[in-house]
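Note sheet for the following structure.
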Protein chains: 2
Amino acid sequence: MDRTDPLSATFSALAHPARRAILARLAEGGTTVNVLAEPFDMSLPAVSRHIKVLERAGLIQQEKNAQYRRCTVNAAPLRAVASWTEQYRPIWETRLDAMERCLMALTENLDDR
Amino acid sequence: MDRTDPLSATFSALAHPARRAILARLAEGGTTVNVLAEPFDMSLPAVSRHIKVLERAGLIQQEKNAQYRRCTVNAAPLRAVASWTEQYRPIWETRLDAMERCLMALTENLDDR
DNA sequence: ATGTTAATTAACACAAGCGTTAATTACAAA
DNA sequence: TTTGTAATTAACGCTTGTGTTAATTAACAT
């Protein structure tokens, strides 16, 4: 089975909290690898690899400027995730899961008082 | 870093095309493991494990009935993905990526004729 | 030239993911 | 009770992911 399709790469890239944190930071504006690495309790090479994963998934871009690599967010894969998720909107709007039925029941009880 | 948070589990579960296919099939209605496994060129135990991954991520539920396990979609994690993605809507609505700038340029050229 | 800074690559260790076949559990039906 | 069906677990192998430290590349600055 093909596990190298773009959507799989995107979901896979987003499956690590450090990479989502990097993305969140970049949403506020592009910056360099060292700045991105600073808040993490992790070595620089580790962060560098996370960035590479994001780049290979097309979620970010790196442009060289002297010895710096400025990273910026690339929106397309996020849109793909959004549209994939939209496909399930009918389900999450109509169908209540177990927890929700439980919350509904609790709310009803509160209303009864 | 905590890699067992719910969102990571969800993205991780969605990162495999077989699991997304299983989810798509279940969106049409709950069914059993064997039925889910049928379209795949993969052994039953393999599919069983994919189902377990989806279940541990909270994306599906299994209810036992005799020797059958009926699987159904659970919407909550999908909503979480949607709302995580929404956070980046401003970016993907305003920011054009490289490919898009390229398409824009092409369109402009066409208009010029 | 030499040293400093930014970032990556190399080499390694260890855990997790994904697939297989064979064995096992749980239930139904004859 | 035996047989068949649904599904999981066991045991294994292989690949990928994630982190480390040490070494290396690339560019700037003195």
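Remember, it's a predicted structure, so these values are computed and weren't measured experimentally. Letters go in sequence order (proteins before strands), and every chain restarts at 1.
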For this session: Considering just the side-chain nitrogens and oxygens of B/N34, establish if one lies under 4.0 Å of OP1 or OP2 belonging to D/dA7.
Result: yes
Problem set entry | Residue B/V33, side-chain atoms from C-beta onward, closest of D/dA7, C/dT8, C/dG19 | D/dA7
Exercise. Do A/K52 and A/Q62 have side-chain heavy atoms sitting under 4.5 Å apart?
Worked result: no
For this session: Give a yes/no on whether any side-chain N or O of A/S43 is located under 4.0 angstrom from OP1 or OP2 of D/dT20.
Result: yes
Exercise. Any donor-acceptor pair under 3.5 Å joining the side chain of A/R49 to the base of D/dG19?
Worked result: yes
For this session: Let me know the distance between CE of B/M42 and C1' of C/dT20, rounded to the nearest Å.
Result: 12 Å
Exercise. Does A/H16 put a side-chain nitrogen or oxygen below 4.0 Å from OP1 or OP2 of D/dG19?
Worked result: yes
For this session: Among A/I60, A/L54, A/V47, A/L14, find the one that has a side-chain contact (heavy atoms from CB on, under 4.5 Å) with A/R19.
Result: A/L54
Problem set entry | Distance in Å, B/N74 CG paired with B/R79 CZ, rounded so as to fall on 0.5 Å steps | 9.0 Å
Exercise. Can you find a side chain N or O atom of B/H50 that sits less than 4.0 Å from OP1 or OP2 on C/dG17?
Worked result: no
Exercise. Rounded to whole angstroms, how far apart are CZ on B/F40 and P on C/dT20?
Worked result: 12 Å
Exercise. Just to confirm, is there a sub-4.0 Å distance from OP1 or OP2 of D/dT8 to any side-chain nitrogen or oxygen of B/S48?
Worked result: yes
For this session: Fit a plane to each ring of A/F11 and B/F11, take the angle between them on a 0 to 90° scale, and name the class: parallel (under 30°), tilted (30 to 60°) or perpendicular (over 60°).
Result: tilted
For this session: State, to 0.1 Å, how close A/Y88 and B/A27 come at their nearest heavy-atom pair, and which atoms those are.
Result: CE2-CB, 3.7 Å
Exercise. More 5' along DNA chain D: B/V47 or A/A46, using each one's nearest nucleotide?
Worked result: B/V47
Exercise. So, B/S8 and A/R20: side-chain donor and acceptor under 3.5 Å apart, yes or no?
Worked result: yes
Exercise. Just wondering, more than 12 heavy atoms not from B/E38 lying within 6.0 Å of its CD?
Worked result: no
Seminar exercise, completed: In 5'-to-3' order, the base (B), backbone-only (S) or no-contact (-) status of each nucleotide in nucleotides 22-30 of chain C, using a 4.0 angstrom heavy-atom cut-off, is B----BS--
For this session: Measure from CG on B/L44 to P on D/dT8 and round the result to the nearest Å.
Result: 7 Å
Problem set entry | B/R56 CZ - D/dT8 C1' separation (whole Å) | 15 Å
Exercise. Rounded to the nearest Å, what distance is computed from the CG atom of residue B/N65 to the C1' atom of nucleotide D/dA7?
Worked result: 14 Å
Exercise. Base, sugar-phosphate, or nothing: which does B/R19 touch, judged by heavy atoms less than 4.0 Å apart?
Worked result: sugar-phosphate
Exercise. Is B/Q62 near enough to D/dA7 that one of its side-chain N or O atoms lies under 4.0 angstrom from OP1 or OP2?
Worked result: no
Problem set entry | Interatomic distance, B/E55 CD vs D/dA7 P [rounded to whole Å] | 13 Å
Exercise. B/K52 has an atom NZ; how far is it from atom C1' of D/dA10, in whole Å?
Worked result: 13 Å
For this session: Give one of base, sugar-phosphate or nothing for A/S12, where a contact means two heavy atoms less than 4.0 Å apart.
Result: nothing
Problem set entry | B/E86, CD: over 12 other non-hydrogen atoms inside 6.0 angstrom | yes
